[in-house]
Amino acid sequence: MRTVIVTDPPRADGEQVAKLAGYGVATVHEALGRTGFLGPQLRPTHLGSRIGGTAVTVLCWPGDNLMIHAAVEQCRSGDVLVVTTTSPCGDGMFGELFATALQDRGVRGLVTTGGVRDVAELHAMGFPVWSAAVSAQGTVKATPGSVNVPITVGGQLVRPGDAILADDDGAMVVPRQDVERALDRAQARLDKEEATRAAFRAGELGLDRYGLRAELAELGVTYVTAEEYGL
């Protein structure tokens, strides 16, 4: 594995990414054809945060957070740190001291396939984290990895500078070149959902609005009385 720190990756437009975050992960994920979701294993350490930023990617060896230290220098305001390891690791690779340094640089949060610790402190300081584990066990600083190279998270390719969105529903990636298209599609989906919401409030059923009665019939589902069923 080539161990490098890329210092100048192109980034998605920060204002567009911030606007995209406002739609929420579920809406953007659906709007893009159900793509980009980083998996249900990444959960927020505390609820109520919604962020969007540009990815600074980190590839570490398991049980080693050396490259997170190297990545801090490469972070700028509006970034989200995205950390994974060469093989699964649930150790607490990240905690309150890292968050303090990143918050000072304007970093919006952390997404990691590894573990974090100091959860109470992270919550108190308002630094959002999405992780696969929480663990008091720490790490060493001894093995080289890479910063700002393409990595894989939850089966999704994350490139440095891509848009990362995260909220209570999880985290997702939007490729840098797709952010503008994602904005258009997310707004269209939001408009469609608002129309559906109004219809449901007026008493319309999803069975009728989505044409599901015909689908049920085609699949062989029939309506019978309790007597006919034998209850």
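All residue numbers refer to positions in the sequence shown, counting from 1.
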Is a side-chain N or O of [X] found less than 3.5 angstrom from the main chain of [Y], in a donor-acceptor match?
X	Y	value
Arg176	Ala163	no
Glu73	Ala70	no
Ser131	Thr45	no
Thr85	Trp61	no
Glu30	Val25	no
Asp13	Gln16	yes
Asp167	Asp169	yes
Asn148	Pro160	no
Thr152	Gly155	no
Asp118	Glu96	yes

Minimum heavy-atom separation for [X] and [Y], please, with both atom names.
X	Y	answer
Ala186	Val28	CB-CG2, 4.3 Å
Asp168	Arg43	O-NH2, 2.9 Å
Val107	Phe127	O-CE1, 3.7 Å
Met93	Cys89	SD-SG, 4.5 Å
Thr54	Gly161	CG2-O, 3.8 Å
Ala99	Leu122	CB-CD2, 3.4 Å

Phe37 vs His29 aromatic rings, parallel, tilted or perpendicular, using cut-offs 30° and 60°?
->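 The arrangement is tilted - the two ring planes meet at 30° to 60°.
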Give me the ring orientation class for His46 and His123: parallel if the planes are under 30° apart, tilted from 30 to 60°, perpendicular past 60°.
->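 His46 and His123: perpendicular rings.
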Mind checking the [atom1]-[atom2] spacing from [X] to [Y]? Nearest 0.5 Å is all I need.
X	Y	atom1	atom2	value
Leu38	Thr113	CG	OG1	10.0 Å
Leu190	Glu194	CG	CD	7.5 Å
Ile164	Thr57	CD1	OG1	9.0 Å
Leu207	Leu216	CG	CG	6.0 Å
Phe98	Arg117	CZ	CZ	10.0 Å

Group every Ile, Leu, Val, Met, Phe, Trp and Tyr by side-chain heavy-atom contacts under 4.5 Å, then state whether [X] and [Y] land in the same group.
X	Y	value
Leu42	Val82	yes
Leu212	Tyr223	yes
Val173	Val58	no
Val80	Leu102	no
Val4	Leu59	yes

Quick one: does [X]'s side chain get under 4.5 Å of [Y]'s, heavy atoms only?
X	Y	value
Leu219	Glu215	yes
Met67	Ile5	yes
Val174	Leu32	yes
Leu81	Val111	no
Thr86	Pro62	yes
Leu20	Leu165	yes
Leu110	Trp130	no

Hey, is [X] close enough to [Y] for a salt bridge, meaning N to O under 4.0 Å?
X	Y	value
Asp184	Arg181	no
Arg189	Glu193	yes
Lys141	Asp64	no

Take atom [atom1] in [X]; do more than 12 heavy atoms of anything else shown fall under 6.0 Å from it?
X	atom1	result
Glu180	CD	no
Glu227	CD	no
Arg159	CZ	no
Glu15	CD	no

Quickly, which of Glu204, Arg201, Arg209 forms a side-chain hydrogen bond (donor to acceptor under 3.5 Å, both in side chains) with Thr196? Name it, please.
->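 With Thr196 as partner, side-chain hydrogen bond (donor to acceptor under 3.5 Å, both in side chains) holds for just one option, Arg209.
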So which of Arg108, Arg105, Gln74, Arg11 actually passes side-chain hydrogen bond (donor to acceptor under 3.5 Å, both in side chains) with Asp79?
->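 By the side-chain hydrogen bond (donor to acceptor under 3.5 Å, both in side chains) criterion, Asp79 pairs with just one of Arg108, Arg105, Gln74, Arg11: Arg11.
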Begin from the C-alpha positions of Gln187 and Tyr23 and carry the test side chain to side chain donor-acceptor pair (under 3.5 Å) through to its verdict.
-> CA-CA 8 Å; Gln187 184 61 51; Tyr23 290 100; 2.6 Å; yes
Test log, rule side chain to side chain contact (heavy atoms under 4.5 Å, CB included), inputs Arg213 and Leu205 = CA-CA 10 Å; Arg213 293 190 189 278; Leu205 295 174; 3.8 Å; yes
So among Thr143, Thr112, Val83, which one has a side chain to side chain contact (heavy atoms under 4.5 Å, CB included) with Cys60?
->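 Looking at Thr143, Thr112, Val83, the match for Cys60 under the side chain to side chain contact (heavy atoms under 4.5 Å, CB included) is Val83.
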